[in-house]
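I have placed the structure first, in the form of structure tokens, so that the comments after it can refer back to it.
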2 protein chains.
Amino acid sequence: MKVLPALSALGDESRLQLVIKLCRNGPQSIARLTEGAGISRQGVTKHLHALHEAGLVRRERSGREQIWRLEPKRLDEVRRYLAQISQQWDDALERLKAAVEKEH
Amino acid sequence: MKVLPALSALGDESRLQLVIKLCRNGPQSIARLTEGAGISRQGVTKHLHALHEAGLVRRERSGREQIWRLEPKRLDEVRRYLAQISQQWDDALERLKAAVEKEH
DNA sequence: TTGACATGCAACTGGGGGGTTGCATTATGT
DNA sequence: ACATAATGCAACCCCCCAGTTGCATGTCAA
């Protein structure tokens, strides 16, 4: 359950923008991802590698190009993890409420 | 929709641990949050302020203590945001598939 | 009142990572 | 074959931030 690296990766604005772009326009090359990104191509490459380390994207060679695509699995893991956290919070509040009422 | 600061805040291990501890054991003081955290009390304080900036926690004075509690709203916002992203990804794949089939 | 506990404030440090530039490599197409 | 396009690799800079230490402030309890 390596959700921490994923959260850390998504916590950077440039990387979040890359993920969004991949979501909106589907799999694409580094060159296309760099367009309008506001940072250099190498910067984009570094971020893509970071996203890869976090298990959020995958790459496929296609001739001289390199096509990157999202890995929605890891994204879902993060979602479920956050849901689980929220649930624990609700449970804790319930226990506290019960404990207070018991004292009367 | 300021989900980026929240993601960034959750992307740090110490801060994620704090959130988890708050979820499991309910609202608590800085001193209690510092126990077993592996970092100094001031370190914990800084992280709590970061979480506050991100809208993830709230504080309430209680005598000489300061009780911090989770703000589950922002957590839900993040969850919904990620869900929305995933949806866009699915839509994009659907469009691509349709486009490919049209070419035949 | 006085000591002990809980927190606040300020200054400092080190390392990591975001971003860049320059050059090398490989593939495409005409 | 050759010019161009897409990418890889490596070194470099610099700023931000996690974490610390030291001291000041405030509050509880005897």
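Values below: every heavy atom of this structure, side chains too, minus hydrogens, waters and symmetry copies. Reminder, nothing fancy here: chain letters follow the sequence lines and each chain counts from 1.
Counting to the nearest Å, the P atom of dG17(C) and the CG atom of D12(B) are 12 Å from each other. When the C1' atom of dC17(D) is taken as reference, atom CD of E13(B) falls 16 Å away, rounded to whole Å. Note: NE2 (H49(B)) to P (dA18(D)) measures 14 Å, nearest angstrom. In this entry the distance linking CH2 of W68(A) with C1' of dT7(D) reads 11 Å, nearest Å. Rounded to whole Å, atom P of dT26(C) lies 14 Å from atom CD of Q66(A). L48(B) places its CG atom 14 Å from the C1' atom of dA18(D), with the value rounded to the nearest Å. For the pair I30(B) CD1 and dC9(C) C1', the computed distance is 13 Å after rounding to whole Å. dG19(D) atom P lies 12 Å from atom CD of Q17(B), rounded to whole Å.
In this structure a side-chain-to-backbone donor-acceptor pair under 3.5 Å is missing from S8(A) to L4(A). Proximity of a side-chain donor or acceptor of R59(A) to a complementary backbone N or O of W68(A) within less than 3.5 Å is not detected. Of the possible donor and acceptor atoms, one in the side chain of R74(B) sits under 3.5 Å from a partner among the backbone N and O of A54(B).
The base of dG19(C) lies close enough to the side chain of K46(A) for a donor and an acceptor atom to sit less than 3.5 Å apart. Residue-to-nucleotide contacts include a donor-acceptor pair under 3.5 Å from the side chain of Q42(A) to the base of dG22(C). For R41(A) against dG19(C), a side-chain-to-base donor-acceptor contact under 3.5 Å is absent.
Looking at which nucleotide of DNA chain D each of I39(B) and E65(A) is closest to, the 5′-most match is held by E65(A). Where R59(B) and R64(A) meet DNA chain C, the nucleotide closest to each residue was compared, and R59(B) sits on the side nearer the 5' end.
Here S14(B) reaches the OP1 or OP2 of dG19(D): one of its side-chain N or O atoms lies under 4.0 Å away. Look at R32(B) and you won't find any side-chain N or O under 4.0 angstrom from OP1 or OP2 of dT7(C). An OP1 or OP2 oxygen of dT20(C) is reached within less than 4.0 angstrom by a side-chain nitrogen or oxygen of S40(A). Side-chain nitrogen and oxygen atoms of H47(A) include at least one within less than 4.0 Å of the OP1 or OP2 phosphate oxygen of dG19(C). R15(B) has a side-chain polar atom (N or O) that falls below the 4.0 Å cut-off from OP1 or OP2 of dA18(D).
Between K21(A) and Q28(A), the shortest heavy-atom contact is O-NE2, 3.1 Å.
Connection of I67(B) to W89(A) is not established within any shared hydrophobic cluster, with ILVMFWY side chains joined at heavy-atom distances below 4.5 Å, either directly or through further cluster members.
G63(A) comes within 4.0 angstrom of sugar-phosphate atoms only, judged by non-hydrogen atoms across all strands, and of no base.
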